[in-house]
There are 2 protein chains.
Amino acid sequence: MSTILDVARLAGVSTATVSRVINMPESVRENTRNKVLQAMEKCSYKYNSLARGFVTKRSNTIGLIIPNINNPVFAESTMGVQEHADKKNTRVILGNSYYKYSQEENLVKVLRESQIDGLIITTTNLKGNVLKNLVDEKFPFVLLFSTVKGGPFSAVGIDNYKGGYLATEHLVNLGHKRIGMVAGNFSMTDRSYHRWHGYKGCLRDSGLTYSKELLVQTDYSLSGGEASIKKLLCLPSPPTAVFCSNDYIALGALKGARDMGLTLPADLSIVGFDDMQTASYMVPALTTVHQPAYEMGRRAAEVLFQLIESPGKPLQDMMETNLIVRESTTAIPHTSSHQSRINKNQ
Amino acid sequence: MSTILDVARLAGVSTATVSRVINMPESVRENTRNKVLQAMEKCSYKYNSLARGFVTKRSNTIGLIIPNINNPVFAESTMGVQEHADKKNTRVILGNSYYKYSQEENLVKVLRESQIDGLIITTTNLKGNVLKNLVDEKFPFVLLFSTVKGGPFSAVGIDNYKGGYLATEHLVNLGHKRIGMVAGNFSMTDRSYHRWHGYKGCLRDSGLTYSKELLVQTDYSLSGGEASIKKLLCLPSPPTAVFCSNDYIALGALKGARDMGLTLPADLSIVGFDDMQTASYMVPALTTVHQPAYEMGRRAAEVLFQLIESPGKPLQDMMETNLIVRESTTAIPHTSSHQSRINKNQ
DNA sequence: TTGTACGCGTTATCAA
DNA sequence: TTGATAACGCGTACAA
């Protein structure tokens, strides 16, 4: 591996000049510049940006911590982050927390040791020491898929309460009275918790009573959605509609319901959350609350670089959500043998 | 930011001792060690692994280049890579090539400048200079989702020819005679090309004639699959079964076929490739060729570290593929009004 | 068991 | 416009 010193010697100039050719070519006379360029060619010189980072105290690398790259929504937001990072000539190190706080804690530590310039994190625990320390030390970071609209954190997210409300309202408008919810574990993320509050809020506003038995918490997995919907459907008085706290869970729920012999959406309406790319490819095409994942990732990166380049007050950006009605929801049938049909199929 | 020098001063020892406490705690007397540990605490010392990498010439970082993190199969393999990298205390920088060679070329350059210790790459172009240079310079790298079984590259992959053969054979066994294929653009990856050869090979071995019009190439997208299947179904003599070169495309195809009014699988059998997690959640559940994506990622990382730690001959590992039969394929109906049904729905 | 001193590849400061 | 050189934070011979 040749260094700028080798190049300098070969070109008969100083290392400073070589460095200038690399970083501000205009500032060196064309003649000298060409000599250097040729020398670089000759020793097949490769730039060492780690050494640079060492002196400039900028690694041109950021960290991105998400719960699970397996969830297409996080894949999309990741692409948004990457796209903007690319523009800024910055690498992104990816880590999965798997919804575990300890993992998140460790990742932050490791990433900071790697001297990342900033961090984008979809956190599992808003109140833990991880974020607190980051704030105390004025380390640049942005919450992604955030639920907070104020306070000491920079954040990009949506109004999850509103999303939950929208989803439930849609079902209420279709005439449903018994509306269940399959939620991601509240201990894993507060997004699910806020969506549940939106769900409850709408129920209240609509004069429907909230029933505890109609809530099932699960991990964020396909099989979790599948198992949870079955639980709900086996209730003595099962719901006619279910709000799932993300599309991934909803996909599992769709299958679970089918497995129990239900015809969708006639026997059961399902609403998801996220509007991941495959939502319109599901059967029935999923009615869901849209979340601009890619755009949110891009925006989070924008905010982060703003923070890095000129530290200051925390920046928050809450983006728009809206309901996308597709085929997985329908009006409740008036003369329904719904109940008996379910029991028959057990 | 405090450094080991600050810690050393505070503890009244030398920097070497602090370094020892960090890297080989056993080698320093308990008494001194504790003094150092306390000092570290007091200045809230943070380890700088960039500085370490600078002297050890190891960044403890590897690069991972995939076509597109949006495709769940690549998300899974990425998790496999991360899991092993974690064990090796190594960070992974992720980059998407978007199936573009120029992007791939640039990513490799940028990553190498970042002094990554090694690279895992799902390449778009086996014959380009990118890989050639890597080999020439003896830089540790592993091809992932590779089609090569020999030569100068370390690689982890499966037999794509066999996979294509298996998929087609299944359709032949079900009695299908007109079998189409929706393939990812051959210019984007040779995986698709090999699968197509498997398809052709099986057709030949089964005494069926290969018809050029039954092959459609597309980009790797849901909408690509959707549009392509429609092209095939609009043929004067449409296929009764179609092999899609991945599940993502197959998901699009499923929708395209439904949109044209077909009943699946009765009117059309579809086989995918990959067996991504949601394959069994599709409607109908997708028959597909299984590829152990997570395991392949893990294995690629294993191979890479072996290469890094003790350079030597290239290592290849071809993993097992097999067909998973689900519900999207069925025997061709003997008395079928298939043709007319399609035309009716146009 | 601990300390001294050098080197890693680059940028930045200052002087020429 | 160019050059000389200190500095960045750490690991590691080598010495004590």
Pair A:Thr147-A:Asn160, side-chain donor/acceptor within less than 3.5 Å: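 No.
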If we ignore angles and hydrogens, is there a donor and acceptor under 3.5 Å between the side chains of A:Glu104 and A:Thr124?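 A:Thr124 and A:Glu104 do have a side-chain donor-acceptor pair below 3.5 Å.
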Under 3.5 Å, is there any donor-acceptor pair linking the side chain of B:Arg20 to the base of D:dG11?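 In this structure, the two groups form no donor-acceptor pair.
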Under 30°, 30 to 60°, or over 60°: which ring-plane class applies to B:Tyr220 and B:Tyr99, parallel, tilted or perpendicular?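 B:Tyr220 vs B:Tyr99 ring planes: parallel.
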Reckon [X] touches a base, only the sugar-phosphate, or nothing at all at heavy-atom distances under 4.0 Å?
{"X": "B:Thr17", "value": "sugar-phosphate"}
{"X": "B:Val55", "value": "base"}
{"X": "A:Ser49", "value": "nothing"}
{"X": "B:Val18", "value": "nothing"}

Please report the distance, rounded to the nearest Å, between [atom1] in [X] and [atom2] in [N].
{"X": "A:Arg9", "N": "C:dG9", "atom1": "CZ", "atom2": "C1'", "result": "12 Å"}
{"X": "B:Arg58", "N": "D:dT12", "atom1": "CZ", "atom2": "P", "result": "12 Å"}
{"X": "B:Lys57", "N": "D:dC10", "atom1": "NZ", "atom2": "P", "result": "17 Å"}
{"X": "A:Asn48", "N": "C:dC8", "atom1": "CG", "atom2": "P", "result": "13 Å"}
{"X": "B:Asp6", "N": "D:dG9", "atom1": "CG", "atom2": "P", "result": "8 Å"}
{"X": "B:Ile4", "N": "D:dT12", "atom1": "CD1", "atom2": "P", "result": "11 Å"}
{"X": "A:Arg52", "N": "C:dA12", "atom1": "CZ", "atom2": "P", "result": "8 Å"}
{"X": "B:Leu5", "N": "D:dA7", "atom1": "CG", "atom2": "P", "result": "13 Å"}

Given the ring of B:Phe139, does B:Arg112 sit roughly above its face, with NZ or CZ under 6.0 Å from the centre of the six-membered ring and within 45° of the axis?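 So B:Arg112 does make the cation-pi contact.
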Both B:Ala51 and B:Arg33 contact DNA chain C. Taking the nearest nucleotide for each, which residue is further toward the 5' end?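 Looking at the nearest nucleotide for each, B:Arg33 comes out on the 5' side.
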Within 6.0 angstrom of B:Glu41 CD, more than 12 heavy atoms from elsewhere: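 12 or below, so no.
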Closest to the B:Val13 side chain: D:dC10, C:dG3, C:dT11?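 Nearest to the side-chain atoms of B:Val13, counting from C-beta on, is C:dG3.
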With the side chain of A:Thr56 defined as its heavy atoms from C-beta on, choose the nearest nucleotide among C:dT11, D:dA4, C:dT10.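 The nucleotide sitting nearest to the side chain is C:dT11.
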In terms of the nearest nucleotide of DNA chain D, which residue is placed more toward the 5' end: B:Met24 or B:Phe54?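 Final value for this comparison: B:Phe54.
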Under 4.0 Å between a side-chain N/O of B:Ser19 and OP1 or OP2 of D:dG11, yes or no?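 Checking D:dG11 against B:Ser19, a side-chain N or O does come within under 4.0 Å of OP1 or OP2.
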Would you say B:Ser14 reaches C:dG3's phosphate, i.e. side-chain N/O to OP1/OP2 under 4.0 Å?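 Looking at the OP1 and OP2 atoms of C:dG3, one of them is under 4.0 Å from a side-chain N or O of B:Ser14.
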